[in-house]
Amino acid sequence: MDTYSFLRQLADSWVLLAMTLFFLGVIVWAFRPGSAKVHAETASIPFRNEVKPGSVETPAGDDPKAKELQP
């Protein structure tokens, strides 16, 4: 049996099974019962500390009480 035929049979059987199990594992991991809070926090990252245009609020970076790292 030449190399191509062996790799083709391997890909058609065991690698396909491994990829399917990996895919199902990722789906189960993403939808596990305790992950809703983590996904909600991650989804809200772009909206943290948002200052609306035209508001009188100061951005979080302009807060004089905030400590900044000095270079």
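Since the structure is predicted, the reported quantities are computational estimates derived from the model, not experimental observations.
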**Q.** I27: side-chain contact (heavy atoms from CB on, under 4.5 Å) partners, not counting sequence neighbours
**A.** F23, F31

Q: Report the residues that fulfil side-chain contact (heavy atoms from CB on, under 4.5 Å) with S5, sequence neighbours left out, ordered by chain and then residue number.
A: M1, D2

Q. Which heavy-atom pair separates A30 from S35 by the least distance, and what is that distance?
A. O-OG, 3.0 Å

**Q.** Qualifying salt bridge (Lys or Arg N to Asp or Glu O under 4.0 Å) pairs with a residue from residues 8-36, counting only residues at least two apart or across chains
**A.** R8-D12

Q. Can you name the side-chain contact (heavy atoms from CB on, under 4.5 Å) partners of T20, sequence neighbours left out?
A. L16, L24

Q | Residue pairs, two or more places apart or on separate chains, that pass salt bridge (Lys or Arg N to Asp or Glu O under 4.0 Å) and touch residues 21-31 | A | none

Q. Who are the side-chain contact (heavy atoms from CB on, under 4.5 Å) partners of L17, not counting sequence neighbours?
A. W14, L21

Q) How far apart are the closest heavy atoms of A43 and P46, and which atoms are they? A) O-CD, 3.5 Å

